[in-house]
Each structure stands twice: as C-alpha cells, then as structure tokens.
Amino acid sequence: MKAIRTFTVRPVLAESLAPLDALAANFRWSWSRTPRDLFASMDPALWSQVGENPVRMLGAIGQKRLDELAADAAFVERVNAEAESLRGYLTGDRWFQQLEGDKPAHIAYFSPEFGVDGSLPQYSGGLGILAGDHLKSASDLGVPLTGVGLFYRSGYFRQSIGDDGWQRESYPLLDPYGLGLTLLRDEDGAPVEISLDLPGDRRLSARIWIADIGRVPLLLLDAETPSNTDEMRRVTDRLYGGGGEHRLLQELLLGVGGVRAVRAFAALTGRPTPDVYHTNEGHAGFQGLERMAGFMTDSGLSFDEALAQVRASTVFTTHTPVPAGIDRFPRDLIEAYLASNLFSGIDPVRALALGLEDYPGGDPGVFNMAVLGLHLGQHANGVSRLHGKVSRGMFGQLWPGVDTDEVPIGSITNGVHAPTWVHAKLKGLSEERFGDSHVATHDWTDRGVVSDAELWGVRQAMKADLVAEARRRVAASLGDTITPAWVDDLLDTNVLTIGFARRVPTYKRLTLMLRDPQRLTRLLTDPERPVQIVIGGKSHPADDSGKILIQQLVRFSRDPKVRGRIVFLPDYDITLAKTLYPGCDVWLNNPLRPLEACGTSGMKAALNGALNLSILDGWWDEWFDGRNGWAIPTADTASNDEERDDAEAAALYDLIEHQLVPAFYEREGGIPTTWLGMVRHTMTDLGSKATSDRMVRDYVQTMYVPAAAHDAALRTDDFAEARALAAFIQRVRTSWPKVRVANVDSSGIPQQAQAGDVLEIQASVALDGLSPDDVAVEVVYGPVDGHDDLGDNRRTARLQPTGPAGADGLTLFTGSRTLTATGSFGYTVRVVPAHPQLVSDVELGLIAFAS
C-alpha cells in the first residue's frame with residue numbers, strides 16, 4: 001500500500017543544540033567541509049544512510065542520541081563554533097562590498113532549474129548545475145542576488161536500467177519541508193501566494209518556498225496549493241515533464257509569477273526591489289512583459305518607454321547553439337494569452353511581435369523565447385567565446401545589415417564552484433600544504449610544496465572512492481539477487497580511467513566510443529596497459545533516440561569480455577558526479593562541434609586533477625593549450641555524418657592508444673611523473689579560469705554594473721531619460737530610410753602609401769532632419785583580404801561634424817587616421833545611431849554605409 005504523501009517528523013532539539021536547525025537549513029553545508037563533518041560525527045553510519053543531508057539527519061537520528069549529544073560539552077562547543085562561523089559568513093563584507101563605485105542593489109536571477117545539491121533534485125543537467133554554482137559563488141562573493149525558479153513536486157526523474165538496457169523513469173514525490181525549505185509567510189503567518197489570471201477565467205496561483213544558499217535566497221514557486229484546481233496544481237509537477245500549453249504555463253509562472261514573487265519577498269524582508277534582472281536562458285522571458293506592464297500601469301510609461309526601461313536592466317544569457325534547443329510556441333497560443341488580462345495595459349500585437357520569428361529564415365507562425373529574451377535584454381551573452389560567435393550567427397537576423405561579428409551578443413565563459421566540486425581528499429591535501437582548502441587558487445606546479453608521491457597518492461585515493469561507488473551502484477542495480485562475483489572485480493585503481501557523463505541528446509555522441517567495437521575492446525583488455533571507462537547520463541523521457549544510445553552502450557558494457565573495464569552507472573546526479581569527476585584520470589567529451597555551448601563537466605574534472613580529452617568545442621576550444629589534455633581533431637571536411645563519426649572515432653582511439661596510454665603508464669619509481677606534470681599545470685592554469693567565482697565577477701563587472709547604471713539613468717527625473725530614449729529611437733527609425741553617406745573624399749595619401757602617412761577623410765551625410773548628435777559617423781579601417789573585406793582586426797574611429805547641414809542638406813564630417821600597419825589596407829564609412837544609453841553602435845540594427 002503506497003502513501004499518498006510523505007513527510008519528516010523531527011525530534012525536539014535541546015536549547016544547546018538549537019543552532020543545528022539554522023545550520024541544516026542553510027545549504028552552505030553542501031560546500032563547506034566543517035558543518036558536514038559536524039553532522040557526520042553525530043552518527044557516521046546514519047549520515048551515509050540519509051544521503052549526507054543534515055535535514056534528513058535531524059529527522060532520523062532519534063531523541064535518545066540527540067539527548068546524548070546535548071550533554072556532550074565538546075559537541076555543543078563545535079555546534080556553537082559552526083553557528084558563529086555561519087553568522088560571520090552571512091553578515092561580513094566580501095568581494096562585492098569592497099567594489100568601488102556604483103553597483104547593483106539587488107539582482108534577480110531567473111532559471112527553470114537549479115542544481116544546488118543532490119538532495120534538492122530541481123535540475124536536469126548543465127543549465128541547472130550552472131545556475132546552482134552561480135548562486136553559490138554569488139554568495140561567497142557577497143553579491144546581493146536572489147534566485148527565482150519553480151519547485152517541482154517530483155523534480156526530475158530517477159533513472160534505472162532494465163535487463164534490456166532500456167532507460168526507465170520514476171518520479172518520487174518530494175516533501176519541501178524535508179528538503180530544508182521554508183515557506184514565505186506574511187506578517188500574520190499566512191502563506192504568501194501570487195496569482196496569474198489566465199484565458200478562460202482560469203487562475204494559476206503559487207506559494208513560495210525559500211532555500212537559503214549561503215547568503216543568497218532561492219525562491220521556488222509551487223503550484224501545489226489549495227487555491228488551484230487539479231489542472232493548475234499539475235503545472236509544477238515535474239521538470240520538463242510536458243510540452244505545449246503545460247510548458248507555457250510553467251514559463252509564465254516562472255517569468256510573470258517570479259517577478260511578483262520577488263516583489264512580495266522584497267516587501268516582506270525589506271530588500272530593495274531588484275535593479276537588474278538576469279534570465280538564464282529564454283524560459284523566463286515573460287518577466288520582461290510583466291515588468292513592462294508594471295511600468296505602464298504604475299508609472300504611466302508608454303509601451304516604448306517601458307520597453308526601454310526593461311531592456312536597460314535586463315541581462316539575457318543564451319545557453320543553446322542550436323535552434324532545436326529553444327522553447328518555441330505556436331503563435332495562436334501566445335496570442336490567446338496576450339489577449340487575456342495577464343499583462344494589464346500592454347498592446348498584445350506589439351507584445352507578440354517581440355517574440356515572433358518574423359525574419360528571413362524564421363517561421364512567423366512561431367513565438368520564440370530566445371528572440372523574446374534578446375528583444376527584452378539589452379545586455380546579452382553566450383557562455384563561451386566560441387558559443388558567443390555561434391550565437392551571433394544564429395541570431396544575426398534580428399539585426400539585419402549588421403556584420404555577424406558585430407551582433408551585440410558577447411560572451412562570458414561558464415565556470416564551476418570549486419568548493420562544491422573539489423574532492424574532500426584533495427581539499428585536505430591543500431589545507432595541509434597550502435594552509436587552506438582553496439584548491440583552485442594555488443600553484444600546484446611547485447613539487448617542493450606538494451611532492452609527486454603526495455599528489456599521486458591523493459589521486460589514487462579518489463579513484464579508489466570511485467571504484468567502490470561504482471561497485472556499490474552496480475550491485476544495487478541488480479536488485480535482490482545475489483551479487484555476482486564479477487562485481488567485486490569491476491574496475492581497478494591501477495588502470496587508466498576515462499570518464500564520460502552528461503545528458504544524452506544525440507549531438508553529444510555517447511556511443512562514438514563504440515564506433516569500432518573490436519578496437520575499443522582491444523584497448524580495454526590490453527594485458528599490459530589496459531583502459532577502463534566509467535559512464536553516466538540520462539536521456540530526456542521523451543527522447544527515444546537518446547535512450548537507444550544508452551541501450552547500445554549498456555549492452556556493450558555487459559559483454560563478459562569487457563564487463564570489468566567499462567561500466568554504465570545509472571541515475572547520474574550531483575551525488576554521483578562528486579565521486580566520478582575526481583576519480584577519473586581523463587575526462588572525455590566528444591560532441592558535434594560547435595553544438596556544445598560550453599560544457600562544464602570537464603572543468604570539474606580538471607580542478608580535481610583530471611586531464612581532458614575533448615573535441616575543440618565550448619570552453620575547451622578557448623582554453624586547450626596542449627599541456628592540459630588532448631584535442632580530438634574535428635573532421636570538418638567529411639562529406640557526411642557517417643564519414644565524420646568514423647574519422648573522429650579513429651582519432652579518439654589513436655589518441656588513447658598512442659598518447660594517453662604511454663604517458664599514463666610511463667613510471668619513475670612507480671609514479672607517472674610526466675603525466676603528473678600535466679596534472680599540475682592543469683590544476684594551476686584552469687584553477688584561475690574555470691571557476692564560477694571568476695564567472696560571477698565577470699557578470700558583475702561587465703553586465704550587472706552596466707545594467708544597474710542604465711536602469712538608474714533611465715529612471716532619472718521620473719523616467720525622463722526613458723521617455724527621451726524611446727523618443728530618440730522612434731525619431732531615428734522614422735528618419736533612417738533617408739539617412740545616407742552622399743560622398744567620401746580622402747587625401748593625404750600619396751600613390752604609394754607608407755606607414756606613418758596620415759589619411760584625411762571627409763564624409764558628406766544626409767541626415768533627414770536628424771541632429772549630428774543623433775548619429776555617429778565612423779570610419780572603419782584595417783587589413784583587407786583578397787575580396788576587399790575588412791576582417792576581425794578592423795578598427796573604428798569617429799568622424800566629427802564641422803557644422804550644421806549646408807544648403808544641399810548634407811552635413812560634413814571629418815577626421816584622420818595615421819597608418820601604422822603595413823600590407824593590404826582598406827576603409828569604409830558608415831553612419832549608426834548614437835545615444836549614451838545604447839550599449840552597442842549597432843544595437844538598433846540601423847546602419848548606412850558609403851556605397
């Protein structure tokens with residue numbers, strides 16, 4: 001008989017142990033060693049049984065043991081010390097507080113999923129893990145940020161693998177109280193609810209759960225409330241569990257409901273209303289329309305003025321390099337919602353246009369959430385340098401006439417939260433040799449500080465943990481049967497270990513390693529220098545093509561010839577990842593280039609001393625240097641998919657056989673010194689780059705601070721600047737069809753130009769009534785290729801007006817440039833709108849070139 005609901009009944013804490021409640025309720029324990037050690041010491045065996053979760057620990061430990069601990073003076077002293085440490089962490093000044101100059105007062109960070117800890121299963125993959133690491137680093141750095149997401153009653157699915165190798169899903173119900181969440185309540189103690197009015201006289205309401213992620217509150221909206229009908233309660237049933245209108249309702253609740261939840265939270269806690277809104281992918285794009293409606297209703301702004309104000313304060317991060325990864329809805333479905341009372345006062349036709357694919361190559365019958373995000377976010381970025389380039393090409397049609405490399409989408413490369421992902425044994429070595437556990441900040445290349453024997457010993461100990469966990473998981477997956485003897489021989493700590501774990505869409509090519517089964521078998525079973533591979537990953541429940549890949553891999557791994565050397569570990573999650581990454585010698589990544597936006601699993605492995613073996617995609621394209629791993633060549637010239645996969649698989653086998661294996665098994669005194677040299681370089685070099693601390697600092701300095709400044713500027717004098725900007729945009733768009741460069745004259749360059757010569761330029765421009773201050777007339781110059789195209793090394797200089805327009809209606813602009821580089825040189829002149837509140841010369845997509 002199955003219970004319809006489960007919850008945790010906790011014993012009563014003595015006054016001396018009361019701080020344990022606060023320590024358990026703040027997820028800082030998930031990345032801080034000492035509170036974890038405190039809870040583990042209460043009952044080590046039970047700590048393991050409850051999944052190393054403090055809230056569950058307090059619910060399971062029993063009154064008798066708690067009473068014993070309350071009488072243990074040494075334990076009570078540890079509790080008080082941890083409570084004081086937490087108070088200091090939550091209240092003390094950190095990096096953000098020491099930043100000089102104006103900065104944001106409050107940032108709202110929206111994401112459909114957050115991967116904070118395995119005990120809070122509100123994530124499916126990289127997007128959620130990235131969001132969780134973003135919150136943790138924001139907390140460590142003191143950034144005043146609030147996370148906004150949804151609480152999924154069944155989370156993502158739990159994975160098991162059947163006898164046939166097929167993925168099976170299950171959806172356990174989650175008790176938010178048992179996860180360490182608290183309900184947002186008003187001054188009278190009643191749960192706070194936000195509501196959305198939907199078409200058909202329906203209403204969607206949600207309560208707000210709060211997870212404390214260090215200093216950062218994470219608000220999770222939950223539709224499981226008595227105020228809702230059964231249909232509406234199912235809106236937050238599971239992560240990515242439905243399509244069509246169900247998915248739309250989730251995104252409306254996240255975006256619209258999220259803004260309302262943040263406002264309610266700020267009002268109750270005294271926090272300022274956010275001055276920056278960051279949307280992590282397009283799922284929360286409706287937050288911009290909700291805020292526009294607020295400006296129009298409460299402040300009397302027009303549609304264009306409200307749009308300018310919202311754009312100024314919005315950061316939009318895209319995470320997908322393929323159109324198929326973007327949420328898209330039928331136009332008529334969105335029209336129905338925009339025509340309802342959901343967004344009060346907003347023109348539904350103009351709102352619809354913000355997300356339509358009404359550009360060449362798009363589908364005007366589709367509403368695209370990434371297009372909405374880019375139209376509503378003045379500050380936009382991809383998540384690696386290569387992904388920024390891909391995104392500029394992918395979304396370039398939104399800025400017609402703009403060269404792809406000038407499309408206003410930048411890049412901030414992702415990072416990972418080192419305190420979360422670095423293994424405890426490696427942290428312990430860091431504390432012993434460097435004085436603290438900040439593994440990612442130290443120079444590991446100095447063998448005088450950490451010897452090869454010490455580093456190798458820790459690496460082997462972490463691998464032993466992985467081997468033990470793999471054997472445990474495989475045994476558990478076999479059910480109640482007697483564990484076969486071969487499980488006890490599964491994997492070997494002395495063998496070169498390659499890891500591969502991630503979501504399983506087809507483009508990540510889980511089975512590329514199976515391209516030549518005979519050759520792979522020889523590598524795995526070599527009697528002198530074998531290789532072993534540990535694999536994990538989940539396919540979306542609706543993705544049968546991904547499930548087929550898992551089935552193929554599982555079936556291969558069950559062949560007795562290779563069974564001890566390749567293993568698929570089911571139910572890949574944060575908990576498994578924390579053992580898997582550190583336990584591998586090499587981390588494998590072989591997506592179709594350039595379809596990996598960033599990919600962060602290899603970063604987590606690298607911080608633990610693993611070397612990467614990867615296609616040059618995402619972050620690896622940016623940071624591979626020949627000493628931190630190996631690059632798998634990309635078969636760009638292949639004539640078809642089969643030929644490409646064959647070529648890249650062959651390159652993968654060659655690298656393993658001829659480079660990885662010899663380097664790993666070459667020993668001096670039993671230690672692979674050359675290999676460890678690469679490990680030391682990797683930990684030191686990537687430790688300074690591949691962290692979410694670096695990433696969040698980049699967001700603060702290049703996105704959040706400018707967005708807050710733009711927001712404040714447009715609010716000046718009761719939104720006078722917002723009104724002025726909207727009027728400027730309208731004026732420029734009206735006149736632009738007649739703006740042109742009438743002629744360009746140059747002088748100062750003899751027939752044979754030489755370095756040091758000065759190029760004098762005069763451009764006569766028709767402005768159709770615009771002021772010279774409304775535009776920037778620029779000379780764009782630099783090296784040219786054989787087709788006279790100015791390449792990526794081109795530069796831009798502004799020409800200055802010499803006075804008002806003449807009798808011919810033309811305004812003269814002049815300037816000069818000194819020639820400094822030799823070789824083929826060219827220039828052109830262009831006109832673009834100019835306004836201090838535009839972040840890019842081409843932001844409006846308006847350019848007039850000299851012909």
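Computation of the quantities below employed the complete heavy-atom set of this structure, encompassing side-chain atoms and omitting hydrogens, waters and symmetry-equivalent molecules.
- For Asn53 and Ser119, the side-chain atoms include at least one donor-acceptor pair closer than 3.5 Å.
- Between the side chains of Thr445 and Asp443, at least one donor N or O lies within less than 3.5 Å of an accepting N or O.
- Side-chain contact check for Glu281 and Ser111: no donor-acceptor pair (N or O, by modelled atom type) lies under 3.5 Å.
- One side chain, Thr420 or Lys136, offers a donor N or O that lies under 3.5 Å from an acceptor on the other.
- If you look at His278 and His134, their ring centroids are closer than 6.0 Å.
- Between Thr317 and Asn280, the side chains place no donor N or O within less than 3.5 Å of an acceptor N or O (distance only, hydrogens not considered).
- Each of Trp421, Trp587, Tyr581 was checked for a side chain to side chain donor-acceptor pair (under 3.5 Å) with Ser601, and the lone residue meeting it is Trp587.
- In summary, the side chains of Ser139 and Tyr89 do present a donor paired with an acceptor at a separation below 3.5 Å, with no hydrogens or angles considered.
- Considering only heavy atoms from C-beta on, His442 stays 4.5 Å or farther from Val449 through its side chain.
- Side chains of Asp465 and His423: a donor on one and an acceptor on the other come within 3.5 Å.
- The side-chain heavy atoms of Leu569 and Val474, taken from C-beta on, include a pair separated by under 4.5 Å.
- When only modelled atom types and interatomic distance are considered, Thr483 and Arg471 share no side-chain donor-acceptor pair under 3.5 Å.
- With respect to the salt-bridge test (charged N to carboxylate O, under 4.0 angstrom), the residues Glu224 and Arg233 qualify.
- Phe96 pairs by the ring-ring contact (aromatic ring centres under 6.0 Å, His included) definition with nothing, not counting sequence neighbours.
- The backbone N or O of Leu426 lies less than 3.5 Å from no partner atom in the side chain of Ser430, so there is not a single donor-acceptor pair.
- Of the N and O atoms on the side chains of Ser227 and Ser205, not one donor lies less than 3.5 Å from an acceptor on the other residue.
- A cation-pi geometry, defined here as NZ or CZ lying under 6.0 Å from the six-membered ring centre and within 45° of its normal, holds between Arg238 and Tyr171.
- Salt bridge status for Arg36 with Glu52: present, with a side-chain N to carboxylate O gap under 4.0 Å.
- Aromatic rings from Phe39 and Trp29 are positioned such that their centres are separated by 6.0 Å or more.
- Pairs engaging residues 66-76 under the side-chain hydrogen bond (donor to acceptor under 3.5 Å, both in side chains) rule: Gln63-Asp67, Arg65-Glu68 [sequence neighbours left out].
- A donor-acceptor pair shorter than 3.5 Å cannot be found between the side chains of Ser692 and Asp133.
- Between Thr225 and Arg207, the closest heavy-atom pair is OG1-NE, 3.5 Å.
- Residues Tyr156 and Gln122 bring no donor and acceptor atom of their side chains to less than 3.5 Å of each other.
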